[in-house]
Visitor: 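My questions will all concern the structure given below.
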Amino acid sequence: MKNRYLPLRLGVARLFFALLLGALVLGQARASDLRISNELFFTETKGGTRTMYAIVQVHWKNAWRNELNHDAAWIFCKFLQGEEGFRHVRLRPNGHEILQARGSAGLQVTVEVPADGNGLFVLPKGAGRGDVSVKLKLAVDAEFLANFNPDRAQFKAYGLEMVHIPTGSFWAGEPDSAAAYEYSAFFLPDGTGGHSGPLRIDSEQALTVGRDIAYRSKESYYQGDGQGVLPDAFPKGYRGFYVMKYEISQGAYAGFLNALSREQSQMRANFGGK
């Protein structure tokens with residue numbers, strides 16, 4: 001009797017999965033709504049000093065911040081040079097201005113520039129939720145451009161919606177030893193290198209393979225020597241970090257290909273490149 005009803009159950013399950021998948025795809029399409037416009041690059045000379053700036057308008061829906069974490073818009077810029085590809089724009093650590101900011105429900109925003117200057121985050125300043133529209137004046141690192149002539153290229157700004165994952169401890173690996181060995185999962189080694197349970201990550205301190213962390217693979221070419229150190233600088237997921245809010249879209253990837261030279265794009269999309 002169980003076998004009689006199995007096809008029906010599978011059919012219902014497939015229908016439910018199809019409806020769920022469709023809802024997720026449509027929901028994602030509506031939710032991912034970051035727009036960038038009014039891109040303008042210019043220079044200002046004051047007191048004999050020539051400074052480069054860019055004006056970028058950023059809009060996104062459903063920005064939010066609470067006591068645990070927040071979302072953000074990651075903004076980065078390039079100079080497109082036709083068949084020569086692109087030149088990345090590096091931002092200065094300071095000198096950026098919010099010329100205009102409008103957020104629903106009184107939501108305010110601020111900006112944060114990482115140390116490498118490869119872009120900046122626009123993020124809610126205080127608790128709240130709502131739509132955001134921000135006009136930014138970005139200070140460009142002119143020294144990074146060196147002898148590059150920006151007047152011979154097209155300035156273009158890009159953006160991604162991000163979510164901040166706050167600093168916190170977590171468990172890594174697989175509690176079952178057989179499953180850990182089956183899937184080459186990390187585990188806490190016992191005195192002989194065997195499985196002693198999952199691994200608790202509660203800092204960014206260095207981990208010594210074989211003593212603090214271990215793994216085992218059925219395939220010898222994946223096993224390695226089972227030695228070495230994950231240094232303090234290697235990210236272990238404990239310190240706060242950003243991840244993309246949504247998967248990359250086909251349109252965004254097409255925009256990436258069109259920012260490359262023809263040769264570079266064909267290496268990444270072998271059906272015509274751009």
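Keep in mind the model is a prediction, meaning the values are calculated, not measured. Positions are given from 1, in the same order as the sequence printed here.
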Visitor: Could you tell me which non-hydrogen atom of L91 sits nearest to which non-hydrogen atom of G119, and how far apart they are?
Guide: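 Closest approach of L91 to G119: CD1-C, 3.8 Å.
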Visitor: Restricting to non-hydrogen atoms, name the atom on M52 and the atom on A142 that form the minimum distance, rounded to 0.1 Å.
Guide: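 Reported closest heavy-atom pair: SD-CB, 4.0 Å.
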Visitor: Does NZ or CZ of R87 fall inside the cone over F79's six-membered ring, less than 6.0 Å from its centre and within 45° of the axis?
Guide: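 Verdict for F79: no cation-pi partner in R87.
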Visitor: Restricting to pairs with a member in residues 66-75, which pass salt bridge (Lys or Arg N to Asp or Glu O under 4.0 Å), not counting sequence neighbours?
Guide: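 Non-adjacent pairs meeting salt bridge (Lys or Arg N to Asp or Glu O under 4.0 Å): D71-K245.
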Visitor: With the side chain counted from C-beta on, respond yes when S169 and I201 share a heavy-atom pair under 4.5 Å apart, and no when they do not.
Guide: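 Heavy-atom side-chain distance check fails, nothing below 4.5 Å.
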Visitor: Is any side-chain heavy atom of T51 closer than 4.5 Å to one of T45?
Guide: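 In short, these two side chains do not touch, never coming nearer than 4.5 Å.
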Visitor: Any salt bridge (Lys or Arg N to Asp or Glu O under 4.0 Å) pairs touching residues 190-201, not counting sequence neighbours?
Guide: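 Non-adjacent pairs meeting salt bridge (Lys or Arg N to Asp or Glu O under 4.0 Å): zero.
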Visitor: Within a strict 4.5 Å, meaning less than it, do heavy atoms of the V89 and F148 side chains meet?
Guide: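 V89 does not reach F148 side chain to side chain.
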Visitor: Could you check whether any side-chain heavy atom of N94 comes within less than 4.5 Å of a side-chain heavy atom of V113, counting everything from C-beta outward?
Guide: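 In short, these two side chains do not touch, never coming nearer than 4.5 Å.
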Visitor: With P114, which residues qualify under side chain to side chain contact (heavy atoms under 4.5 Å, CB included), at least two apart?
Guide: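 In terms of side chain to side chain contact (heavy atoms under 4.5 Å, CB included), with neighbours along the sequence ignored, P114 is linked to W74, D116, F121.
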Visitor: For E44, does the CD atom sit with more than 12 other heavy atoms under 6.0 Å from it, leaving out its own atoms?
Guide: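 More than 12 heavy atoms, drawn from other residues, nucleotides or ligands, come within 6.0 Å of this atom.
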Visitor: Within the distance-only criterion (no hydrogens, no angle test), does the side chain of E161 pair as donor or acceptor with the backbone N or O of D33 below 3.5 angstrom?
Guide: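 Confirmed, E161 side chain pairs with D33 backbone.
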Visitor: Are there over 12 heavy-atom neighbours, none belonging to Y242, within less than 6.0 Å of that residue's OH?
Guide: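 Counting neighbours around OH of Y242, more than 12 heavy atoms of other residues, nucleotides or ligands fall under 6.0 Å, so yes.
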Visitor: Compare every heavy atom of H195 with every heavy atom of A180, then report the nearest pair and how far apart it is.
Guide: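 Smallest interatomic distance, heavy atoms only, reads CB-CD2, 3.7 Å.
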Visitor: How about K236 and L207: do any of their side-chain heavy atoms sit closer than 4.5 Å?
Guide: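 Side-chain contact under 4.5 Å: yes.
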Visitor: Side-chain heavy atoms under 4.5 angstrom apart, residues restricted to Ile, Leu, Val, Met, Phe, Trp, Tyr: same cluster for L136 and F42?
Guide: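 No; tracing contacts between hydrophobic side chains, which count when under 4.5 Å, never links both residues.
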Visitor: Within the 4.5 Å heavy-atom criterion, are R152 and Q81 side-chain neighbours or not?
Guide: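 Result no, sub-4.5 Å side-chain heavy-atom pair not found.
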Visitor: Check whether more than 12 heavy atoms from other residues, nucleotides or ligands sit under 6.0 Å from atom CE of M267, and answer yes or no.
Guide: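 Not more than 12 within 6.0 Å, no.
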Visitor: Indicate, with yes or no, if L199 and Y238 share a hydrophobic cluster defined by side-chain heavy-atom contacts under 4.5 Å among Ile, Leu, Val, Met, Phe, Trp and Tyr.
Guide: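 Per the 4.5 Å side-chain linkage, Y238 and L199 are co-clustered.
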Visitor: Under the salt bridge (Lys or Arg N to Asp or Glu O under 4.0 Å) rule, what do E182 and K218 come out as? Steps first, then yes or no, please.
Guide: CA-CA 7 Å; E182 174 73 18; K218 295 187 301 181; 3.2 Å; yes
Visitor: Using every non-hydrogen atom in the two residues, find where G237 and E204 come nearest and quote the distance to one decimal.
Guide: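 Smallest heavy-atom distance, with atoms named: N-OE2, 3.6 Å.
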Visitor: Do R90 and F76 have side chains that approach each other closer than 4.5 Å (heavy atoms only, starting at C-beta)?
Guide: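 In short, these two side chains do not touch, never coming nearer than 4.5 Å.
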Visitor: Show the atom names and distances, to 0.1 Å, of all donor-acceptor pairs under 3.5 Å that link a side chain in residues 98-111 to residues at least two apart or in another chain.
Guide:
residue	atom	partner	partner atom	Å
S104	OG	D131	N	2.7

Visitor: Which pairs, with at least one residue in residues 81-119 and sequence neighbours excluded, count as a ring pair (Phe, Tyr, Trp, His ring centres under 6.0 Å)?
Guide: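 Checked against ring pair (Phe, Tyr, Trp, His ring centres under 6.0 Å) - neighbours excluded - no pair reaches residues 81-119.
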Visitor: Specify the closest pair of heavy atoms between V209 and G226, including all atoms of both residues, with the distance to one decimal.
Guide: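 Smallest interatomic distance, heavy atoms only, reads CG1-O, 3.2 Å.
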Visitor: Could you tell me if the side chain of F41 sits less than 4.5 Å from the side chain of V140, heavy atoms only?
Guide: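 Counting from C-beta outward, V140 and F41 do come under 4.5 Å.
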Visitor: What is the minimum heavy-atom distance between P124 and W60, and which atoms define it?
Guide: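 Where P124 meets W60 most closely, the heavy atoms are CD-CZ2, 4.4 Å.
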Visitor: Given ring-ring contact (aromatic ring centres under 6.0 Å, His included), test Y158 with F256 step by step and report yes or no.
Guide: CA-CA 9 Å; Y158 299 85; F256 161 70; 9.0 Å; no
Visitor: Using salt bridge (Lys or Arg N to Asp or Glu O under 4.0 Å) as the criterion, list what pairs up with E84, not counting sequence neighbours.
Guide: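 Here no residue qualifies.
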Visitor: Pick one: which of D212, L230, D232 meets side-chain contact (heavy atoms from CB on, under 4.5 Å) with Q205?
Guide: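 With Q205 as partner, D212, L230, D232 yield a single side-chain contact (heavy atoms from CB on, under 4.5 Å), made by D232.
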Visitor: Report, as yes or no, whether the 6.0 Å neighbourhood of atom OH on Y183 holds more than 12 heavy atoms from other residues, nucleotides or ligands.
Guide: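 Atom OH in Y183 is not packed in, count stays at 12 or less.
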Visitor: Do side-chain atoms of E39 reach the backbone of F155 as a donor and acceptor pair under 3.5 angstrom?
Guide: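 Not at all, since once roles are kept as given, no pair shorter than 3.5 Å links the two residues.
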Visitor: Can L123 be reached from M162 by stepping across I, L, V, M, F, W or Y side chains whose heavy atoms are under 4.5 Å apart?
Guide: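 Cluster IDs for M162 and L123 match.
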Visitor: Using distance alone, with no hydrogens and no angle criterion, decide if S220 and Q223 have a side-chain donor and acceptor under 3.5 Å apart.
Guide: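 No - no donor-acceptor pair under 3.5 Å links their side chains.
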